[in-house]
Amino acid sequence: MQGMMRPAIVGIAIVFAVAATAASADERKQLAFDVVERNAQQMTDISDSLFYFGELGMQEIESTKLLKDTLSAAGFKVELGGAGMPTNLWAEYGSGRPKIAIVTEVDALPGGSQTPGTYERKPLVKDGPGHMEGHNTHGGVASLAAFAVKQVMQRTNLPGTVAISFGPAEEQIASRPFLVRAGYFKDVDAIIYLHIGEGLTTGYGVQNYAAISSIFTFHGKTAHGAVNPWDGKDAVDAVELMDIGFDKLREHLRPTYRAHRTITVGGIQPNIIPDKGQIWWFVRDASMPAAKETYDKLVKIAEGAALMTGTTWDVQYAASAWPQLASKTIAEAVQKNIDMVGMPKWTEQEQSFARDFQKFAEKPVVGLGTAVTPLGGRAQSTSSNDNGDVSWVVPAGLLNFPSSVPGVQYHEWKAAVTPVSSISHKGQVMGAKVLAASIIDLLTTPELVAKARAEFETESKKTPYFSLLPPEAQPPVELNRAEMEKYRAAMRAFYLNKQPRFN
Ligand SMILES: [Zn+2]
């Protein structure tokens, strides 16, 4: 009997302990949800403002200015311009550990300008950039979630730090390796990577692909193509031979590899032997060591092409990204909050708009999702995201929130139709709630952070992180500047000129 009694008593004790913790955690989350609901308009004012700024990577000047103003006024310590990038924004509140960071971005895409609310092709500014992936929504959701956490920390005397990292130029996978190199995540215990989506979802495992992007330039000697071609050294021949050389290699690469290129300098006119040729390559694979192995072979091919043509060559690092490694431990915690918050309640009008839009876009006519997605590992995608680098130096969770119309693919103008709609706004509210609740869990549950760390140590050790950045590499801060400046004056006419203030 004694033996029977003991476990029962222990069992009751555990139930009481869990119930006590759960109650206070629920109160904190409810407090955060109240803050989110009270500030929903301010949040969507931020997101909508960013939509009309429509700024390309490294040129997120107005966007980060608005975020800095809003977050500073809300009591955050804000650094703009760190790691040598004028539009790199880091905001934080609190002090010491645990330190939990939201990682996201606010850049737009070239050619994405579109009048929102209509799926007739109608750019706001002809050929201008725009948010055809909805990164504008990240600005509002991340800011309000962090603010809600801050209010909870203040009112319930929670120690620790909540931070937001808005990294520049995600679309060019251009900034995160520099952020990692600058040490931003050294004292961070966990991050949650935030991105717009079709559902309210999280996931775990290796999410996407490693990528290395480099520009190879060959230098030769000009000569008349008919009179004395034997005096020339043809740099475009070297480009062609590099392309052919890599095609010969393709058969001997892992089936998981991807490699694509574009010839960026291909000669002047046929009767001039070109002294300059240039080819820009992306090499990808399911892991960074695999991608690096292929990349090293590509470099040897460049060397061979130069040897065959008597040209010289150099290579310039353009960008790189590790595949994103997402924590199962954090995913389980985020999923509980997803289940608690649930999907938005859509109106019949929103549903019928979505169905008509899906029909127009020749996608399955399924309307908007009404149920949360159950937790599961996600299939590894062959795309890349520079946030990957962060996920190999700190345990990382993921959160997607339902602000897009299912089936409407990003990176085409149609995806710019809804980022400022009521569909997007409702999805943002759910995203901010789940994000705030998940950060509260990480701040208040040391066992959760410890378990995520232990899982991270095991998983990340399987492929030890190395940076692809050459030591002398500097962030490409001139990226997109000329393109953005072509359109900025015309885009200004659409600015909302709002100054959201959280309360
Ligand atoms: Zn994105």
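Counting convention: from 1, in listed order, for ligands and their atoms alike. The first residue of the sequence shown is numbered 1, and numbering continues consecutively from there. What you see is a predicted model, and the numbers here were worked out from it, not measured in a lab.
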Original post:
Looking at side-chain heavy atoms only, is the closest gap between Phe33 and Met340 below 4.5 Å?
Top reply: yes
Original post:
Got more than 12 heavy atoms from elsewhere within 6.0 Å of NZ, Lys486?
Top reply: yes
**OP:** Report, as yes or no, whether the 6.0 Å neighbourhood of atom CD on Glu457 holds more than 12 heavy atoms from other residues, nucleotides or ligands.
**Re:** yes
Subject >> Phe185, Phe456, Tyr465, Trp322 screened by ring-ring contact (aromatic ring centres under 6.0 Å, His included) with Trp392, the one that passes >> reply: Trp322
**OP:** Output, by chain and residue number, all protein N/O/S atoms separated from the Zn ion (ligand 1) by less than 2.8 Å.
**Re:** Glu133 OE2, His135 NE2, His195 NE2
**OP:** Using the six-membered ring wherever Trp is involved, compare the ring planes of His138 and Phe401 and label them parallel, tilted or perpendicular (cut-offs 30° and 60°).
**Re:** perpendicular
Please set out all donor-acceptor pairs under 3.5 angstrom arising from side-chain atoms of residues 424-431, sequence neighbours excluded.
unit_1: Ser424; atom_1: OG; unit_2: Pro419; atom_2: O; d: 2.8
unit_1: Ser424; atom_1: OG; unit_2: Gln428; atom_2: NE2; d: 2.9
unit_1: His425; atom_1: NE2; unit_2: Asp48; atom_2: OD1; d: 3.0
unit_1: His425; atom_1: NE2; unit_2: Asp48; atom_2: OD2; d: 3.0
unit_1: His425; atom_1: NE2; unit_2: Val420; atom_2: O; d: 3.4
unit_1: Lys426; atom_1: NZ; unit_2: Lys345; atom_2: O; d: 2.8
unit_1: Lys426; atom_1: NZ; unit_2: Glu350; atom_2: OE1; d: 2.8
unit_1: Lys426; atom_1: NZ; unit_2: Glu350; atom_2: OE2; d: 3.3
unit_1: Gln428; atom_1: OE1; unit_2: Ser47; atom_2: OG; d: 2.8

